[in-house]
Amino acid sequence: MKNIYNVLALIGFALVLAGCQTAPPNPVATAERPETVGLALYGSFVIAEEFGAGVAEDANTPPEVKAAIKAADVAVSPVAEQAQPIVKEVEKARADITAGGGSKNLLDTAVKKLNDWVTQAAGLIKNFTDAVRKARAGPSPTSTSTATGDIHT
Amino acid sequence: MNEQTKSDTFQLVLNVLATLAAVVVNPALGLTVAGARIAKIIQLITTLANQGSEANAALIDLNDQLKGLDRAGGPIPQEVWDDWDARHEAAKARIAAA
């Protein structure tokens with residue numbers, strides 16, 4: 001009989017957990033400029049990485065899942081870390097135009113490079129979040145953030 | 001919450017209930033074993049729920065930060081990058097050490 005009360009208590013607990021979740025925002029969709037799209041994707045990745053770190057540190061996470069998270073993080077980190085220099089190229093090209101120098105072509109080239117980075121990073125970030133999701137870890141912070149179209153100047 | 005996440009959460013709940021049902025109907029499991037198993041599952045759910053909540057809050061903060069940056073225009077301040085880089089390095093180190 002005591003077990004029945006345990007079951008009822010846990011059902012209630014589980015339903016509360018399921019009901020409390022709300023839709024996470026999509027920073028990549030919120031960003032209005034190529035520069036902020038770059039930061040949005042990088043920031044979303046960092047949040048996913050922090051979430052993944054918690055999962056990897058959990059004693060209940062299977063060793064193979066931890067290994068997959070580590071491998072995915074090693075693969076995505078060097079690419080993610082290119083966000084800042086690539087965004088700064090866009091900012092410089094835009095500033096040069098504003099200052100009366102530079103050219104639209106240079107800005108277009110910089111934005112294309114940022115687009116290419118977003119495409120490459122989004123794939124690797126998805127691999128990372130997939131590795132985390134294998135631990136049945138609930139919300140996947142970047143899962144709604146990688147569906148980006150081309151960035152335009 | 002997107003559909004995949006809803007599915008993951010629901011699956012997690014179902015797994016918990018299935019495990020508990022097995023505990024209830026299987027007299028071979030002693031109370032100590034059953035209790036330990038339930039405690040472990042609850043601990044895992046609580047940990048994941050807390051992490052999910054923190055991630056959601058962090059996404060909201062990032063969203064607000066982006067809105068502010070777009071309103072202000074101009075280059076993204078260096079301290080913004082430095083903050084995200086520091087968080088990235090910390091998370092990377094935690095994963096490597098896990």
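None of the values given here were measured: they were computed from a predicted structure. Just so you know, these numbers use all the heavy atoms, side chains as well, and skip hydrogens, waters and symmetry mates. Chain letters run A, B, ... following the sequence lines, proteins first, then strands; residues in each count from 1.
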*In the single-linkage hydrophobic clustering (I, L, V, M, F, W, Y; side-chain heavy atoms under 4.5 Å), do A:I86 and A:L106 co-cluster?*
no
_Between A:A31, A:A80, A:A56, A:S77, who has the most heavy-atom pairs with chain B when the cutoff is under 4.5 Å?_
A:S77
*State, to 0.1 Å, how close A:E91 and B:P75 come at their nearest heavy-atom pair, and which atoms those are.*
OE2-CA, 3.2 Å
_Minimum-distance pair of heavy atoms, taken over all atoms of B:R94 and A:A53_ = CZ-CB, 3.6 Å
*Verify the neighbour count for atom NZ of A:K112: are there more than 12 heavy atoms of other residues, nucleotides or ligands below 6.0 Å?*
no
*Which atom pair, heavy atoms only, marks the closest approach of A:I47 to B:R87?*
CG1-NH2, 4.0 Å
*asked:* Less than 4.5 Å apart, side chain to side chain, heavy atoms only: is that true for A:E32 and B:L66?
replied: no
_Contacting moiety of A:K92, where chain B heavy atoms sit under 4.5 Å_ = neither
*Name the region of B:A58, side chain, backbone, both or neither, that has any atom closer than 4.5 Å to a heavy atom of chain A.*
both
*Check the hydrophobic clustering (I, L, V, M, F, W, Y; side-chain heavy atoms under 4.5 Å; chains of links allowed) and say if A:F45 and A:L124 are grouped together.*
yes
*Any chance you could measure B:L69, atom CG, to A:R33, atom CZ, to the nearest 0.5 Å?*
7.0 Å
*Between B:L62 and A:G43, which heavy-atom pair has the shortest distance, and what is it?*
CD2-C, 3.6 Å
*asked:* Quick check for you: among A:Q84, A:K88, A:E57, which has the greatest number of heavy-atom pairs under 4.5 Å with chain B?
replied: A:Q84
*Give me the ring orientation class for B:H88 and A:Y42: parallel if the planes are under 30° apart, tilted from 30 to 60°, perpendicular past 60°.*
perpendicular
*With a 4.5 angstrom heavy-atom cut-off, could you sort out which part of B:D64 is near chain A: side chain, backbone, both or neither?*
neither
*Do you know which of B:D83, B:D85, B:V80, B:D70 has the most heavy-atom pairs under 4.5 Å to chain A?*
B:D70
*Could you pull out the closest heavy-atom pair between A:P27 and B:L59, with the gap in Å?*
CG-CD2, 3.8 Å
*Check each atom of A:V87 against the heavy atoms of chain B and say whether the ones under 4.5 Å are side chain, backbone, both or neither.*
side chain
_Under a 4.0 Å threshold between the charged nitrogen and the carboxylate oxygen, would B:K92 count as salt-bridged to A:D73?_
no
